[in-house]
There are 2 protein chains.
Amino acid sequence: MEIIAEKKQPDRRRQVVDAAARSFETFGYKGTTMDQVAKLAQVGKGTIYTFYANKEELFEEIMTGLIRELKQVADETLDAKLPFADNLMNVLHRVSDYRARHALAVKLSQEVRDIGTPMAKDGLEKVEKAIIGYVALHVKAASDKGEIRSCSPELTAYMMLKMYLALTADGNHLHEALSKEQILESFRFYCFEGLANR
Amino acid sequence: MEIIAEKKQPDRRRQVVDAAARSFETFGYKGTTMDQVAKLAQVGKGTIYTFYANKEELFEEIMTGLIRELKQVADETLDAKLPFADNLMNVLHRVSDYRARHALAVKLSQEVRDIGTPMAKDGLEKVEKAIIGYVALHVKAASDKGEIRSCSPELTAYMMLKMYLALTADGNHLHEALSKEQILESFRFYCFEGLANR
DNA sequence: AAACTGACCAAAATAACAAAATGGTCAATT
DNA sequence: AATTGACCATTTTGTTATTTTGGTCAGTTT
């Protein structure tokens, strides 16, 4: 009954979280001020501190939300009928794409690049770790099912993400940009098939 | 006779290059001043500018020297009797190790990390590109000989370096540090064998 | 009394300005 | 013809004044 009820009074916590989300994705971590969030949330500044001990905790809550979204996208992408390799590539592609379009992730990336805000870096690192953890879970499952060779799930997931990012990295001058098809084909080649002749 | 002779008069160009090398590796790109180099080289500042149009060109000369050293190390490491995979791993390991111990490379890495000097970044990028080019040459040879599957040499070399660096990266918290043996074993696994069951 | 607020504060960020250092030039010197 | 270092416009650094910020808490509202 606790969860279903509650309507009349404004849900302060939600107001704060929504305002914070908007502010962080518009102004970045550093550019967001607690006064600003309070004003956006139409809430006294002190109220924020009844829910979150400090700016960092508030930020973590927002990042947790982003991670939850990504997980949702990944889950929706998974198709039990497809082989592991296809699922993996689809998930990596959809999640990377979603991340690249998500205002918060974009803003934080730019902030890290331009001014190196440590908290923004931490936040994005947490996202990477979450992706790796998610992939590792499915690597383990595929490995247990004998669908792929046995391997360390964590390390393998890490390598997969790194390889995928290396192929999609367009900012660098180390190799020319690849089309989506080339990326997927190359990823399958380097990740699953390997260079060895057989 | 031009090359053999020359002894009496001091070789100004060499003095400048030596001084610059010492200065860049001690103080980094930004920390090196042309006055400093001139003093170290025991040469008037104007003299430097008779050899190099500006600080950037002087720096490029030094970086070219580093790349030449790395190529030397790589060439010494190559053993025609060994299979491609072994040569590749040996070269990557030795070159990375040499690079990690080379005062100039270390200083520039630190400079990029701490203050992001664009020229230092460019310089290190050039080193990476040289390594990729070197590896690509041997990938092509191995591919032509049928020792490995046919592939784009440039992209493959790029991926190999990225994979190796991902395995050796210890600064990040994405995976625990690996021993040298684990690195080589993992590299062989991910780069040559692939995850697919066979 | 429980939830909420915003004036308030120490600490940190920014702006404004003065002083020093730097890359590059070139007339004078060797 | 090769070399030099005083010189200069531009940046960078150091300094100090001013503003902004995260966080608190006594007081107000519900």
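In this text, all values refer to a predicted model and were calculated from it rather than measured experimentally.
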Can you name the atoms? Protein N/O to nucleotides 26-30 of chain D N/O, anything below 3.5 Å, with the distance.
none

**Request:** For A/T168 and A/L165, indicate whether the former's side chain and the latter's backbone hold a donor-acceptor pair under 3.5 Å.
**Result:** yes
**Complete:** What one should report as the nearest heavy-atom pair of A/L78 and A/V91 is CD2-CG2, 3.8 Å
**Asked** Is there a path of hydrophobic side-chain contacts, each under 4.5 Å between heavy atoms of I, L, V, M, F, W or Y residues, that connects B/F27 with B/L66?
**Response** no
**Request:** Give a yes or no answer on whether the side chain of A/E25 reaches the backbone of A/A103 with a donor-acceptor pair at less than 3.5 Å.
**Result:** no
**Salt-bridge contact B/D79-B/K81 (side-chain N to carboxylate O under 4.0 Å)** = yes
**Asked** Is there a residue in residues 47-61 of chain B whose heavy atoms reach under 4.0 Å of DNA chain C, and which residues are they?
**Response** B/Y49, B/N54, B/K55
**Considering all heavy atoms, the nearest A/M159-B/A166 contact** = SD-CB, 4.1 Å
**Request:** Indicate yes or no for a side-chain donor-acceptor contact from A/N87 to the backbone of A/A80 under 3.5 Å, with no hydrogens or angles considered.
**Result:** no
**Request:** For DNA chain D, determine which residues of residues 30-43 of chain B have any heavy atom closer than 4.0 angstrom to one of its atoms, and list them numerically.
**Result:** B/K30, B/V43
**Asked** Do A/Y190 side-chain atoms and B/T156 backbone N/O form a donor-acceptor pair below 3.5 Å?
**Response** yes
**Prompt:** Residues from residues 107-123 of chain B sitting under 4.0 Å of DNA chain D, heavy atoms only?
**Reply:** none
**Prompt:** Salt bridge or not for B/D144 and B/K140, using N-O below 4.0 Å?
**Reply:** yes
**Complete:** With a 4.0 Å cut-off (strictly under) to non-hydrogen atoms of chain B, the first and last hit nts on DNA chain C, 5' to 3', are C/dT22 to C/dC26
**Item:** Flag for A/E111-A/T117: side-chain donor and acceptor within less than 3.5 Å
**Value:** yes
**Request:** With sequence neighbours left out, write down each residue that passes salt bridge (Lys or Arg N to Asp or Glu O under 4.0 Å) with A/E185, or none if nothing qualifies.
**Result:** none
**Message:** Holding to ring pair (Phe, Tyr, Trp, His ring centres under 6.0 Å), I want the full list of residues that pass it with B/Y52, two or more places apart in sequence or in another chain.
**Reply:** none
**Message:** Going by the rule side chain to side chain contact (heavy atoms under 4.5 Å, CB included), which residues pair with A/R188 if we only count those two or more places apart in sequence or in a different chain?
**Reply:** A/A85, A/D86, A/M89, A/E193
**Prompt:** Over its full length, what angle do the end axes of the helix from C/dA1-D/dT30 to C/dT30-D/dA1 make, each axis taken from five pairs and the result rounded to 10 degrees?
**Reply:** 20°
Could you list the donor-acceptor pairs under 3.5 angstrom formed between side-chain atoms of residues 128-137 of chain A and any protein atom two or more places apart in sequence or on another chain?
residue: A/K129; atom: NZ; partner: B/H173; partner atom: O; Å: 3.0
residue: A/Y134; atom: OH; partner: A/D75; partner atom: N; Å: 3.4
residue: A/Y134; atom: OH; partner: A/D75; partner atom: OD1; Å: 2.7

**Prompt:** Does A/S143 reach the main-chain N or O of A/V139 with its side chain, forming a donor-acceptor pair under 3.5 Å?
**Reply:** no
**Asked** Would you say the side-chain atoms of A/Q110 and A/K107 include a donor-acceptor pair closer than 3.5 Å?
**Response** yes
**Message:** Between A/T47 and A/V43 (side chain of the first, backbone of the second, donor and acceptor by atom type, cut-off under 3.5 Å), is there such a pair?
**Reply:** no
**Message:** Among residues 15-24 of chain A, which ones have heavy-atom contacts with DNA chain C below 4.0 Å?
**Reply:** none
**Prompt:** Is it true that A/R101 and A/D97 have a side-chain N and a carboxylate O under 4.0 angstrom from each other?
**Reply:** yes
N/O donor to acceptor pairs below 3.5 angstrom from side-chain atoms of residues 53-61 of chain B, sequence neighbours left out:
residue: B/N54; atom: OD1; partner: B/E56; partner atom: N; Å: 3.2
residue: B/N54; atom: OD1; partner: B/E57; partner atom: N; Å: 3.0
residue: B/K55; atom: NZ; partner: B/Y29; partner atom: O; Å: 2.9
residue: B/K55; atom: NZ; partner: B/T32; partner atom: O; Å: 2.8
residue: B/E57; atom: OE1; partner: B/A53; partner atom: N; Å: 3.2

